[in-house]
Amino acid sequence: MLSHTLQFALLLTLLSNLIHHLLVKASARKQEQSHWERYGPIYLVTVASVMMMLQPTLYVFKDIGCPASCVLRDHPMLLSVITHIGYILLVIGICLATDLVDNLRSQMGWSRSPEA
(Lines give C-alpha, C1' and ligand atoms only; values in the text may rest on other atoms or scores of the structure.)
Protein backbone atom coordinates (compact mmCIF):
# COMPACT_ATOMS: atom_id res chain seq x y z
CA MET A 1 0.00 0.00 0.00
CA LEU A 2 2.75 2.47 0.91
CA SER A 3 4.83 1.37 -2.07
CA HIS A 4 1.98 2.24 -4.47
CA THR A 5 1.67 5.69 -2.92
CA LEU A 6 5.43 6.30 -3.09
CA GLN A 7 5.56 5.13 -6.69
CA PHE A 8 2.67 7.45 -7.56
CA ALA A 9 4.25 10.43 -5.78
CA LEU A 10 7.75 9.96 -7.19
CA LEU A 11 6.56 9.31 -10.74
CA LEU A 12 4.23 12.30 -10.68
CA THR A 13 6.98 14.55 -9.31
CA LEU A 14 9.57 13.43 -11.86
CA LEU A 15 7.24 13.63 -14.84
CA SER A 16 5.79 17.02 -13.93
CA ASN A 17 9.29 18.44 -13.41
CA LEU A 18 10.38 16.99 -16.75
CA ILE A 19 7.43 18.63 -18.51
CA HIS A 20 8.24 21.95 -16.84
CA HIS A 21 11.91 21.68 -17.86
CA LEU A 22 10.93 20.94 -21.47
CA LEU A 23 8.54 23.90 -21.48
CA VAL A 24 11.26 26.27 -20.26
CA LYS A 25 13.70 24.83 -22.80
CA ALA A 26 11.16 25.17 -25.62
CA SER A 27 10.53 28.81 -24.74
CA ALA A 28 14.24 29.50 -25.19
CA ARG A 29 14.44 27.81 -28.60
CA LYS A 30 14.72 29.69 -31.87
CA GLN A 31 11.57 31.44 -33.05
CA GLU A 32 12.06 30.30 -36.67
CA GLN A 33 11.45 26.68 -35.70
CA SER A 34 8.01 25.27 -36.41
CA HIS A 35 5.49 24.80 -33.62
CA TRP A 36 6.01 21.04 -33.68
CA GLU A 37 9.81 21.36 -33.51
CA ARG A 38 9.53 23.60 -30.45
CA TYR A 39 6.61 22.06 -28.58
CA GLY A 40 6.30 18.54 -30.02
CA PRO A 41 8.49 16.93 -27.35
CA ILE A 42 6.30 18.52 -24.67
CA TYR A 43 3.17 17.07 -26.24
CA LEU A 44 4.71 13.61 -26.45
CA VAL A 45 6.01 13.67 -22.87
CA THR A 46 2.65 14.96 -21.57
CA VAL A 47 0.72 12.16 -23.27
CA ALA A 48 3.35 9.68 -22.09
CA SER A 49 3.01 10.98 -18.53
CA VAL A 50 -0.74 10.46 -18.53
CA MET A 51 -0.33 6.95 -19.93
CA MET A 52 2.41 6.09 -17.42
CA MET A 53 0.44 7.47 -14.47
CA LEU A 54 -2.72 5.48 -15.24
CA GLN A 55 -1.71 2.23 -13.59
CA PRO A 56 -0.16 3.74 -10.42
CA THR A 57 -3.24 5.93 -10.02
CA LEU A 58 -5.54 2.93 -10.22
CA TYR A 59 -3.45 1.10 -7.62
CA VAL A 60 -3.64 4.06 -5.24
CA PHE A 61 -7.42 4.25 -5.78
CA LYS A 62 -7.68 0.53 -5.10
CA ASP A 63 -5.64 0.89 -1.90
CA ILE A 64 -7.96 3.56 -0.51
CA GLY A 65 -11.08 1.56 -1.34
CA CYS A 66 -12.35 3.08 -4.60
CA PRO A 67 -13.86 0.63 -7.09
CA ALA A 68 -10.84 0.60 -9.40
CA SER A 69 -10.07 -3.05 -8.74
CA CYS A 70 -12.44 -4.12 -11.51
CA VAL A 71 -10.32 -2.26 -14.08
CA LEU A 72 -7.14 -3.75 -12.67
CA ARG A 73 -8.63 -7.23 -12.57
CA ASP A 74 -10.49 -7.20 -15.90
CA HIS A 75 -7.98 -5.37 -18.11
CA PRO A 76 -4.44 -6.02 -16.87
CA MET A 77 -3.00 -6.50 -20.35
CA LEU A 78 -4.53 -3.25 -21.61
CA LEU A 79 -3.03 -1.33 -18.68
CA SER A 80 0.34 -2.91 -19.34
CA VAL A 81 0.21 -2.00 -23.04
CA ILE A 82 -0.80 1.60 -22.24
CA THR A 83 2.06 1.91 -19.75
CA HIS A 84 4.62 0.52 -22.20
CA ILE A 85 3.39 2.83 -24.98
CA GLY A 86 3.83 5.67 -22.50
CA TYR A 87 7.45 4.66 -21.89
CA ILE A 88 8.09 4.55 -25.65
CA LEU A 89 6.55 8.00 -26.14
CA LEU A 90 8.65 9.31 -23.25
CA VAL A 91 11.87 8.09 -24.86
CA ILE A 92 10.87 9.55 -28.25
CA GLY A 93 9.97 12.89 -26.66
CA ILE A 94 13.27 13.09 -24.80
CA CYS A 95 15.22 12.16 -27.94
CA LEU A 96 13.44 14.94 -29.86
CA ALA A 97 13.96 17.47 -27.07
CA THR A 98 17.68 16.78 -26.83
CA ASP A 99 18.25 16.49 -30.61
CA LEU A 100 19.83 13.14 -29.91
CA VAL A 101 19.85 11.91 -33.50
CA ASP A 102 21.50 15.08 -34.84
CA ASN A 103 24.04 15.08 -32.01
CA LEU A 104 24.95 11.45 -32.69
CA ARG A 105 25.32 12.16 -36.39
CA SER A 106 27.68 15.05 -35.76
CA GLN A 107 29.71 13.07 -33.21
CA MET A 108 30.09 10.15 -35.61
CA GLY A 109 30.88 12.38 -38.56
CA TRP A 110 27.85 11.25 -40.55
CA SER A 111 26.17 13.76 -42.78
CA ARG A 112 22.43 14.03 -43.17
CA SER A 113 22.51 13.46 -46.92
CA PRO A 114 25.14 11.56 -48.91
CA GLU A 115 27.59 13.84 -50.68
CA ALA A 116 28.14 13.24 -54.36
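What you see is a predicted model; the values in this text were computed from it and never measured.
To the nearest 0.5 Å, atoms CG (Leu2) and CG (Leu6) are separated by 4.5 Å. For the atom pair OG1 (Thr57) and CG (Leu12), the distance works out to 8.0 Å, reported to the nearest 0.5 Å. Interatomic distance, CG of Leu96 versus OH of Tyr43, reported as 13.5 Å (0.5 Å rounding). With rounding to the nearest 0.5 Å, the separation of CG in Leu58 from CZ in Arg73 is 13.0 Å. In this structure, Asn103 CG and Gln107 CD are separated by 7.0 Å, a value rounded to the nearest 0.5 Å. Distance check: Ile64 CD1 to His4 NE2 gives 13.0 Å after rounding to the nearest 0.5 Å.
Leu44 and Val91 fall into different hydrophobic clusters, where Ile, Leu, Val, Met, Phe, Trp and Tyr side chains are chained together by heavy-atom contacts under 4.5 Å. A single hydrophobic cluster is not seen to contain both Phe61 and Phe8; linkage of ILVMFWY side chains at heavy-atom distances under 4.5 Å, directly or through other members, places them apart. Cluster membership for Leu15 and Ile82, using ILVMFWY side-chain heavy atoms within less than 4.5 angstrom, is shared. Leu23 and Trp36 fall within a single hydrophobic cluster, where Ile, Leu, Val, Met, Phe, Trp and Tyr side chains are chained together by heavy-atom contacts under 4.5 Å. One hydrophobic cluster, built from ILVMFWY side chains closer than 4.5 Å, holds both Val81 and Ile88.
When all heavy atoms of Pro56 and Gln7 are compared, the pair lying nearest together is CG-NE2, 3.9 Å. Between Arg38 and Gln33, the shortest heavy-atom contact is CG-OE1, 3.5 Å. Minimum interatomic distance between Gly93 and Pro41 (heavy atoms only, all atoms of both residues): O-CB, 3.4 Å. Between Leu90 and Ala48, the shortest heavy-atom contact is N-CB, 3.6 Å. Contact record, Ser49 with Ile19: OG-CD1, 3.6 Å, taken as the closest heavy-atom pair. Residue Ala26 comes nearest to Ile42 through the heavy atom pair CB-CD1, 3.7 Å, listed as atom of the first residue, atom of the second, then distance.
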Apply the test side-chain contact (heavy atoms from CB on, under 4.5 Å) to residues Tyr87 and Met51: give CA-CA distance (whole Å), side-chain angles for both, the deciding distance (0.1 Å), then the verdict.
CA-CA 8 Å; Tyr87 284 124; Met51 295 174 90; over 6 Å; no

Walk me through it: do Thr83 and Leu54 pass the test side-chain contact (heavy atoms from CB on, under 4.5 Å)?
CA-CA 7 Å; Thr83 302; Leu54 181 63; 5.8 Å; no

Using the side-chain contact (heavy atoms from CB on, under 4.5 Å) rule, take Leu14 and Leu18 through it: C-alpha gap first, then chi angles, then the decisive distance, then the call.
CA-CA 6 Å; Leu14 290 172; Leu18 176 63; over 6 Å; no

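Checked by atom type and distance alone, the side chain of His84 pairs as donor or acceptor with a backbone atom of Ser80 at under 3.5 Å.
Side-chain atoms of Arg105 and Asp102, non-hydrogen and from C-beta on, do get closer than 4.5 Å to each other.
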